[in-house]
Amino acid sequence: MEIYHILNRGVDKRNIFLEEVDYIRFIHDLYEFNDVNPAPNVYYYFNKSRDVRRPYIVENRRRERLVDILCFCLMPNHYHLMLVPKVENGVTLFMKKLNGGYARYFNEKYQRSGVLFERRFKRILIKREEHFTYLPLYIHFNPLDLKYPEWRERKLKDLEEAIKFLENYRWSSHLDFLGIKNFPSITQREFLLNYFEGEKGYKESFYNFIKSFDVENIKEFVLE
């Protein structure tokens, strides 16, 4: 099985999510474009007041996924995905649909033209087990950069406060791994949860990761 870390960010490091509804639209696209068939609902627009902690997608057609989305995290100017291809060239096909579809939505909404992302996407094949162990945790810890950037230097003053912040950050798959329904239809979590020995094991690994974090373990996963 091939596992890839996919990264991309806005051109000139610009923000690609300006409002809450933009995050929800991208998450919607993660679902709709993950299909070998054309997306039938690409113009669907979420109401900003929608409760994102409830399952919001109802299966009403036969689907064949291009990739398994193991986990994800959206940040104001970039995103992280952990993908497993399900069909030949599945990652490339999925990312072309995802980036192109979201860019069209964004440009139309904000009346702009030109490229939105700085590259097609950055793809890293996960080859070593220790990288596989760190990656989903690192992806889910990314939102700490917004309020506690010192976490990368192991200088967090209040670990519990930082953990609470992550539990209130909706734009990742972290809550679903904790057993809190947020966007459960997007990710295929069985493989990782089996690896972490369930939701309890994932939570324990999450705590241990932040306590022993070493930037050298993830230096090839960052955008710079």
So [X] and [Y], would you call those rings parallel, tilted or perpendicular, with 30° and 60° as cut-offs?
{"X": "Tyr138", "Y": "Trp151", "answer": "tilted"}
{"X": "His80", "Y": "His78", "answer": "perpendicular"}
{"X": "Phe177", "Y": "Tyr202", "answer": "tilted"}

Taking the side chain as every heavy atom from C-beta outward, state whether [X] and [Y] have any atom pair closer than 4.5 Å.
{"X": "Arg123", "Y": "Leu7", "answer": "no"}
{"X": "Leu166", "Y": "Leu175", "answer": "no"}
{"X": "Val67", "Y": "Tyr4", "answer": "no"}
{"X": "Met82", "Y": "Phe132", "answer": "yes"}
{"X": "Leu81", "Y": "Cys71", "answer": "no"}
{"X": "Trp171", "Y": "Phe183", "answer": "yes"}
{"X": "Ser205", "Y": "Leu137", "answer": "yes"}
{"X": "Leu30", "Y": "Tyr102", "answer": "no"}

Which atom of [X] lies closest to which atom of [Y], heavy atoms considered:
{"X": "Gly10", "Y": "Ile16", "answer": "CA-CG2, 3.5 Å"}
{"X": "Asp158", "Y": "Glu161", "answer": "OD1-N, 3.0 Å"}
{"X": "His140", "Y": "Phe206", "answer": "CB-CE1, 3.8 Å"}
{"X": "Phe33", "Y": "Leu98", "answer": "CD1-CA, 4.0 Å"}

Residues two or more places apart in sequence or in another chain: which of them pass side-chain hydrogen bond (donor to acceptor under 3.5 Å, both in side chains) with Glu197?
->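 Testing Glu197 for side-chain hydrogen bond (donor to acceptor under 3.5 Å, both in side chains), a comparison that skips the adjacent residues, returns none.
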
Residue pair Val84, Gln188: steps toward the side chain to side chain contact (heavy atoms under 4.5 Å, CB included) verdict | CA-CA 10 Å; Val84 175; Gln188 290 69 57; over 6 Å; no

Is it true that [X] and [Y] have a side-chain N and a carboxylate O under 4.0 angstrom from each other?
{"X": "Asp145", "Y": "Arg152", "answer": "yes"}
{"X": "Glu20", "Y": "Arg170", "answer": "yes"}
{"X": "Asp29", "Y": "Lys97", "answer": "no"}

[X] [atom1] to [Y] [atom2] distance, which is reported to the nearest 0.5 Å:
{"X": "His174", "Y": "Asn142", "atom1": "NE2", "atom2": "CG", "value": "12.5 Å"}
{"X": "Ser172", "Y": "Ile139", "atom1": "OG", "atom2": "CD1", "value": "9.5 Å"}
{"X": "Met95", "Y": "Lys122", "atom1": "CE", "atom2": "NZ", "value": "13.5 Å"}
{"X": "His28", "Y": "Ile186", "atom1": "NE2", "atom2": "CD1", "value": "8.5 Å"}
{"X": "Leu178", "Y": "Lys200", "atom1": "CG", "atom2": "NZ", "value": "14.0 Å"}

Between the side chain of [X] and the main-chain N/O of [Y], is any donor-acceptor distance below 3.5 Å?
{"X": "Asn34", "Y": "Leu66", "result": "yes"}
{"X": "Asp68", "Y": "Leu70", "result": "no"}
{"X": "Asp176", "Y": "Asn182", "result": "yes"}

Check Arg14, Lys13, Arg9 against Glu118 for a salt bridge (charged side-chain N to carboxylate O under 4.0 Å, His left out) and give me the one that passes.
->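 Only match with Glu118 under salt bridge (charged side-chain N to carboxylate O under 4.0 Å, His left out): Arg9.
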
For Glu88, look at atom CD and say whether over 12 heavy atoms of other residues, nucleotides or ligands are found less than 6.0 Å away.
->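 Open: at most 12 neighbouring heavy atoms sit under 6.0 Å from CD of Glu88.
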
Crowding at CG, Asn194 (>12 non-hydrogen neighbours, <6.0 Å) |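 Enclosed.
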
Do Phe209 and Phe141 make the cut of ring centroids closer than 6.0 angstrom?
->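 Close enough - the centres of the two rings lie under 6.0 Å apart.
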
Can we call the ring centroids of Tyr110 and Phe106 under 6.0 Å apart?
->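 Yes: the rings meet the under 6.0 Å criterion.
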
Candidate pair Asn99 and Tyr79, rule side chain to side chain donor-acceptor pair (under 3.5 Å), full reasoning = CA-CA 11 Å; Asn99 284 344; Tyr79 62 77; 2.6 Å; yes

Can you list the steps and then say if Tyr105 with Asp22 is a side chain to side chain donor-acceptor pair (under 3.5 Å)?
-> CA-CA 9 Å; Tyr105 152 82; Asp22 297 336; 2.5 Å; yes

Candidate pair Asn37 and Arg63, rule side chain to side chain contact (heavy atoms under 4.5 Å, CB included), full reasoning | CA-CA 8 Å; Asn37 302 301; Arg63 297 177 57 84; 6.0 Å; no

Can you check side chain to side chain contact (heavy atoms under 4.5 Å, CB included) on Tyr169 and Leu146, steps first, answer last?
-> CA-CA 11 Å; Tyr169 189 83; Leu146 301 175; 3.7 Å; yes

Is NZ or CZ of Arg65 both nearer than 6.0 Å to the six-membered ring centre of Tyr31 and within 45° of the ring axis?
->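 Not flagged: Arg65 not positioned over aromatic ring of Tyr31.
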
Might you work through the salt bridge (charged side-chain N to carboxylate O under 4.0 Å, His left out) test for Glu19 and Lys109, ending with a clear yes or no?
-> CA-CA 11 Å; Glu19 299 179 346; Lys109 178 180 178 181; 3.0 Å; yes

Cluster overlap Leu18 with Val11, hydrophobic side-chain contacts below 4.5 Å =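 No, because Leu18 and Val11 fall into different hydrophobic clusters, even though each may have its own neighbours under 4.5 Å.
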
Taking a hydrophobic cluster as the set of Ile, Leu, Val, Met, Phe, Trp and Tyr residues connected by side-chain heavy atoms closer than 4.5 Å, whether directly or through intermediates, do Phe26 and Val115 fall within one such cluster?
->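 Cluster IDs for Phe26 and Val115 differ.
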
Report the C-alpha distance between Leu83 and Ile3 in whole Å, list the side-chain angles of each, state the deciding distance to 0.1 Å, and finish with yes or no for side chain to side chain contact (heavy atoms under 4.5 Å, CB included).
-> CA-CA 6 Å; Leu83 305 180; Ile3 301 176; over 6 Å; no

Name all residues meeting the side chain to side chain contact (heavy atoms under 4.5 Å, CB included) criterion together with Thr187; count only those two or more places apart in sequence or in a different chain, and write none if there are none.
->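 In terms of side chain to side chain contact (heavy atoms under 4.5 Å, CB included), with neighbours along the sequence ignored, Thr187 is linked to Ile69, Phe72, Ser173, Arg189.
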
